[in-house]
2 protein chains.
Amino acid sequence: MAADQRPSGIEAHLGYWLRTVSNAVSQSFARKVEAEGVTVAEWVLLRVLYDAERIGPSLLAERIGMTKGAISKLADRLIQKDLVARNADPDDRRAHTLALKPSGRALVPKLAAQADQNDEAFFGVLAAKERDQLERLLRKIVSARELKTMPTD
Amino acid sequence: MAADQRPSGIEAHLGYWLRTVSNAVSQSFARKVEAEGVTVAEWVLLRVLYDAERIGPSLLAERIGMTKGAISKLADRLIQKDLVARNADPDDRRAHTLALKPSGRALVPKLAAQADQNDEAFFGVLAAKERDQLERLLRKIVSARELKTMPTD
DNA sequence: TATTGTTATACTCTATAACTATA
DNA sequence: TATAGTTATAGAGTATAACAATA
């Protein structure tokens, strides 16, 4: 115990390896979808809307793990790109919903294909069994901490 | 093959899980070291300097996986905080080196302890064997791609 | 008063590229 | 010309907090 007084190095932390790989994967994906004019965070939002049909910023924020303010800004950009529409909620006049426009809906499969490719490029070096392991371990951490990526507000 | 035409969802990608966990770990760490007045990137730089003694921005950039410009800005902040010193290189008058000041050297073990704590908080739910597995898988991806986190220039 | 959502502000991280000073 | 490093600019992502409208 007294033998090693040196502070633990960067590489001693799983968090470091995670950050290294995650940054590389996200940046590579960002470059891939840059041509379509969207960012990583925008892709996530678009993909969620694809399934959700229409959903309000608050619920969306909770689901994606962002603050309401961040969703607002993101939505603004996507609306400006004509990919998403912001609609009034007839029941609650404070509330709004977000939904894909046809151009946005058409874009999602293209982005999904690029996400598939990107995943393959990075995780293709792992055997199928190893990929399952990796996913299992990551999910285990997520569910243990009830992660939503970020504090929701 | 024709059965599933839906674009793959967010959760189908390992990159998504990686990003979720990585962001949470990094943000948690950022909050922890906020009290010491440093950021995650600054911690990495400080820790590398702790071992390297003195090293120039270019080599540093390559080692950490950042651009020279990013290192410059980071160094400026650390110098302003009196944690790091910038010294002229006697051999090549274009070159500089960076080195920890005593206050910076004293800070590293504290930060390392918090990094240890943070790692434990997230990865403590995994068994020792699982942690080894996770590290092995991440390292495998890193070495397969010769990752340096970011394009170096 | 509490809630929904927007807006304003600020800071980190990153990139690209222009620039300075050497070599 | 090439290299070491800085500086300038810009945009994404995030947070916090103030604010307006409505409940």
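Convention: sequence-line order gives letters A, B, ...; per-chain numbering from 1.
Considering only side-chain N and O atoms, B:Arg31 lies under 4.0 angstrom from the phosphate OP1 or OP2 of D:dT16. Using a 4.0 Å cut-off, no side-chain N or O of B:Arg86 falls inside it from OP1 or OP2 of D:dG5. In terms of phosphate contacts, B:Thr39 brings a side-chain nitrogen or oxygen within less than 4.0 Å of OP1 or OP2 of C:dC13. Within the structure, a side-chain polar atom (N or O) of B:His96 is placed less than 4.0 Å from OP1 or OP2 of D:dT6. Dashed line: the shortest gap from a side-chain N or O of B:Thr67 to OP1 or OP2 of C:dT16 is not under 4.0 Å. Side-chain N/O atoms of A:Ser58 include one lying less than 4.0 angstrom from OP1 or OP2 on C:dG5. For the pair A:Arg93 and D:dT22, the criterion of a side-chain N or O lying under 4.0 Å from OP1 or OP2 is met. Phosphate proximity of D:dG13 to B:Arg19: absent, as no side-chain N or O sits under 4.0 Å from OP1 or OP2.
Here the P atom of nucleotide D:dA8 and the NZ atom of B:Lys68 are 16 Å apart, to the nearest Å. Counting to the nearest Å, the P atom of C:dT12 and the CG atom of B:Asn23 are 18 Å from each other. A straight line from CG of B:Leu60 to C1' of D:dA4 spans 13 Å, rounded to a whole angstrom. In this structure, B:Gln27 places its CD atom 13 Å from C1' of C:dC11, rounding to the nearest Å. With rounding to whole Å, B:Arg94 atom CZ is found 17 Å from D:dT7 atom P. Between B:Asp76 atom CG and C:dC11 atom C1' the separation is 16 Å, expressed in whole Å. Protein atom NZ of A:Lys73 is 10 Å distant from nucleotide atom C1' of C:dT9, rounded to whole Å. Rounded to whole angstrom, the span from the CD1 atom of B:Ile71 across to the C1' atom of C:dA15 amounts to 14 Å.
Remark: A:Glu130 does not engage A:Arg136 in a salt bridge, criterion side-chain N to carboxylate O under 4.0 Å.
The 5' end of DNA chain D is approached more closely, in terms of each residue's nearest nucleotide, by B:Thr97 than by the other of B:Thr97 and A:Ala70. Taking the nucleotide of DNA chain D with the nearest heavy atom to each of A:Asp91 and A:Leu74, the more 5' of the two is matched to A:Leu74.
Under a 3.5 Å cut-off, the side chain of A:Asp119 and the backbone N or O of B:Gly15 do form a donor-acceptor pair. Without hydrogens or angle criteria, B:Glu42 side chain to B:Thr39 main chain gives a donor-acceptor distance under 3.5 Å.
Residues satisfying the side chain to side chain donor-acceptor pair (under 3.5 Å) test with A:Asp92, not counting sequence neighbours, are A:Arg94.
The residue B:Asp92 sits close only to the backbone: its heavy atoms come under 4.0 Å of sugar-phosphate atoms, none of a base.
Each of A:Val142, A:Leu14, A:Leu137 was scored for a side-chain contact (heavy atoms from CB on, under 4.5 Å) with B:Val21, with one residue passing: A:Val142.
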